[in-house]
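Worksheet for the structure shown next.
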Amino acid sequence: MNLFEWQQLLLVFCCAIITNLSQASKREAELYESILEKHEALVRPVENPDDPIVVKMGVILQQLIDVDEKNQVADLNAYLRMEWIDYSVQWDPKEYEGISDLRFRKEQLWTPDVLLYNSADPQYDRSYASNLVVYHTGLVNWMPPGVFRLTCQINIVYFPFDVQTCWMKFGSWTFDGTKLDLQVDDNGFDISSFIPNGEWKLENTSVKRNVQSYECCPEPYYDLVFTFTIRRLALYYAFNLILPCVLITLLTLVGFTLPPDAGEKMSLRLFFAMCMFTCAGSVVGTALVLNFHHRNRRTHKMSMTMKLIMMNWLPWLLLMKRPGCIATKRQLIRRKKQVKERLDICLAALLEDVPAPDEDEVLSMDVESIKTTPAMLAQLLVLQQIYKELNIMNQKVEKAEIEKASEDDWKFSQDKADQAMVIYPMGLLAQCHHCTTW
């Protein structure tokens with residue numbers, strides 16, 4: 001065969017493939033139309049209305065995102081796996097070019113209204129409405145993924161060696177046991193693809209099926225409880241919290257091993273006492289600095305005593321200068337040049353000498369007496385409105401500048417307190433050295 005014959009054979013082969021694909025797509029569209037015409041999404045897919053539809057459910061746990069001890073909630077990334085038999089979506093693959101499965105949107109077919117009972121999410125149901133996979137046998141497979149926030153009773157008595165047990169309770173919201181039979185699937189609580197957490201270790205998982213009856217409704221209601229037990233990894237806390245405390249305690253007890261004649265017996269204890277006092281003072285100082293940092297004019301007003309100490313005396317003692325100010329023993333004096341620059345850019349400098357016209361006087365003007373035209377009068381009214389808007393803008397700018405100045409004062413006080421805390425440990429160490437030498 002020459003090259004031309006090979007090209008013809010290849011062209012015939014491609015045309016046959018395209019024809020088969022178009023026929024398959026056409027048959028798939030016909031299958032979709034045939035199923036949707038006779039299917040009602042609100043009707044349970046059972047042949048006998050008195051029979052419950054059996055829904056098998058499982059959970060595929062992907063990741064433990066967070067455990068909030070304060071709010072008693074836990075965040076999980078998981079997939080829900082549900083399957084049931086829908087007799088109304090069965091077909092023979094031989095009649096439809098071998099098509100054995102289809103995909104449908106959630107609103108096109110009936111789906112069970114299974115929800116997380118102990119959800120703590122503001123939207124309650126955060127699962128994604130994924131497509132349903134339907135097989136020719138009538139088997140419907142639905143796996144909606146989601147990030148679930150659930151309530152969990154957390155006990156931190158034995159922190160950081162605590163073990164917590166949380167559970168997820170799933171059940172139908174409207175169907176009782178006579179309409180929907182919720183069962184556990186073969187895999188149950190699947191953790192094969194679980195991503196380990198850096199703070200918590202997954203110890204155990206279990207699934208339990210419950211049958212409950214409520215006072216309002218005598219019918220039985222089925223629910224599935226997926227329980228998981230997690231243990232806190234204490235290595236981080238052991239190295240950063242427990243071990244330092246143990247070492248400090250042991251070093252304190254070492255002082256009892258020294259003989260009374262040793263001159264370092266009391267000095268060692270004074271040294272440890274000063275170190276602990278320094279750490280405690282540093283914590284208090286850090287809290288004070290952060291408190292200053294987050295203050296503003298709307299939440300706190302700086303008193304004259306506070307302003308005198310933090311804005312005048314402390315910068316003068318620390319030999320610190322504030323940009324645009326001259327530090328003296330009694331007060332901070334702003335440079336006149338900076339004040340003048342701020343006044344020059346302020347809208348008040350443009351408006352303070354301009355008298356505001358009265359709207360009634362403008363409207364009562366005699367056009368003939370002042371030799372003006374209606375167009376000029378309209379321009380005056382427009383200028384008056386512009387003047388009012390400029391006044392409003394001026395007030396907003398002044399308010400913003402006052403708030404910014406107050407915030408800058410608190411930030412400046414925070415900086416000075418932070419610098420004072422640097423000198424504080426040095427003074428304590430010097431005092432400690434003086435006590436030990438004395």
Side-chain angles (χ1 to χ4, degrees), residues 44-48 51-65 74 76-91 93 99-106 108-119 125-148 150 152 165-197 201-212 220-230:
R44 290 182 306 116
V46 289
E47 295 181 348
N48 187 359
D51 295 336
I53 181 172
V54 179
V55 177
K56 295 184 178 181
M57 179 181 177
V59 172
I60 304 176
L61 185 60
Q62 293 291 316
Q63 185 181 11
L64 176 63
I65 301 176
L76 298 177
N77 180 11
Y79 304 157
L80 304 183
R81 182 179 56 247
M82 289 177 279
E83 61 180 27
W84 61 93
I85 299 296
D86 190 341
Y87 77 98
S88 63
V89 293
Q90 298 176 351
W91 72 89
I99 299 175
S100 59
D101 56 81
L102 294 174
R103 274 73 180 167
F104 290 89
R105 293 190 301 271
K106 178 180 180 294
Q108 290 180 319
L109 299 181
W110 179 90
T111 54
D113 58 343
V114 175
L115 296 176
L116 178 64
Y117 280 9
N118 59 324
S119 175
D125 185 14
R126 289 289 296 269
S127 60
Y128 176 73
S130 60
N131 291 337
L132 288 77
V133 181
V134 180
Y135 298 93
H136 68 280
T137 59
L139 177 64
V140 181
N141 192 350
W142 187 32
M143 294 182 61
V147 177
F148 301 93
L150 51 101
C152 180
T165 300
C166 301
W167 47 270
M168 295 183 293
K169 183 179 179 180
F170 290 96
S172 175
W173 196 254
T174 58
F175 291 108
D176 56 72
T178 60
K179 301 294 189 297
L180 191 148
D181 185 5
L182 190 61
Q183 300 180 2
V184 183
D185 67 356
D186 297 334
N187 294 325
F189 207 159
D190 189 359
I191 58 173
S192 59
S193 57
F194 178 73
I195 301 175
N197 187 274
K201 179 182 178 182
L202 185 63
E203 291 281 326
N204 187 24
T205 59
S206 62
V207 186
K208 183 180 179 182
R209 181 173 181 263
N210 299 320
V211 181
Q212 296 184 1
Y221 284 85
Y222 300 138
D223 61 75
L224 301 181
V225 178
F226 297 83
T227 306
F228 60 94
T229 304
I230 54 177

task: Starting from the C-alpha separation in whole Å, work towards a yes-or-no answer on side-chain contact (heavy atoms from CB on, under 4.5 Å) for L61 and D190.
output: CA-CA 6 Å; L61 185 60; D190 189 359; over 6 Å; no
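At a threshold of 4.5 Å between non-hydrogen side-chain atoms, the residues Y222 and L180 do not count as touching. With contacts defined as side-chain heavy-atom distances shorter than 4.5 Å, the pair K208/T227 does not qualify. A heavy-atom distance below 4.5 Å is not found between the side chains of D125 and S119. The shortest distance between side-chain heavy atoms of V89 and L109 falls below 4.5 Å. Considering only heavy atoms from C-beta on, F228 comes within 4.5 Å of C166 through its side chain. Between L64 and F194 the shortest side-chain heavy-atom distance falls below 4.5 Å.
Scanning all heavy atoms of the two residues, the minimum distance from I85 to I53 falls at O-CD1, 4.2 Å. Scanning all heavy atoms of the two residues, the minimum distance from W91 to D101 falls at CZ2-N, 3.8 Å. Across every non-hydrogen atom of V211 and P220, the tightest pair is CG1-CB, 3.8 Å. Contact between T137 and Q90 at its shortest, heavy atoms only, is O-NE2, 3.1 Å. For the pair A78 and F148, the tightest heavy-atom approach, listed with the atom from each and the gap, is O-CE1, 3.7 Å.
Residues satisfying the salt bridge (Lys or Arg N to Asp or Glu O under 4.0 Å) criterion with D185, sequence neighbours excluded, are R81. With sequence neighbours excluded, the residues satisfying side chain to side chain contact (heavy atoms under 4.5 Å, CB included) with K106 are T111, A129, L132, W142.
Within the 3.5 Å criterion, the main-chain N or O of V140 finds no donor-acceptor partner in the side chain of E83. No donor-acceptor pair closer than 3.5 Å links the side chain of S127 to the backbone N or O of G146. Judged by distance alone, with hydrogens and angles left aside, the side-chain atoms of Y117 form a donor-acceptor pair with the main-chain N or O of S172 at under 3.5 Å. Judged by distance alone, with hydrogens and angles left aside, the side-chain atoms of W110 form no donor-acceptor pair with the main-chain N or O of D86 at under 3.5 Å. No donor-acceptor pair under 3.5 Å is formed between the side chain of N131 and the backbone N or O of R103. Under the 3.5 Å distance criterion, the side-chain polar atoms of R44 are matched with a main-chain donor or acceptor of D51. Between the side chain of N210 and the backbone N or O of V225, no donor-acceptor pair lies under 3.5 Å. No donor-acceptor pair closer than 3.5 Å links the side chain of N77 to the backbone N or O of Q63.
Counting heavy atoms of neighbouring residues, nucleotides and ligands inside a 6.0 Å radius, atom CZ of R105 does not exceed 12 of them. Counting non-hydrogen atoms of other residues, nucleotides and ligands closer than 6.0 Å to NZ of K169 gives a total above 12.
Atom CG of L80 sits about 9.0 Å away from atom CD1 of I60, to the nearest 0.5 Å. Once rounded to the nearest 0.5 Å, the distance linking CG of L150 with CG of L76 reads 5.0 Å. Taken from OH in Y128 to OH in Y79, the straight-line distance is 13.0 Å, to the nearest 0.5 Å. Rounded to the nearest 0.5 angstrom, W167 CH2 and L116 CG are separated by 8.5 Å. Here L102 contributes atom CG and Y135 contributes atom OH; the two are 11.0 Å apart, rounded to the nearest 0.5 Å. The distance from the NZ atom of K56 to the CG atom of L139 is 9.5 Å, given to the nearest 0.5 Å.
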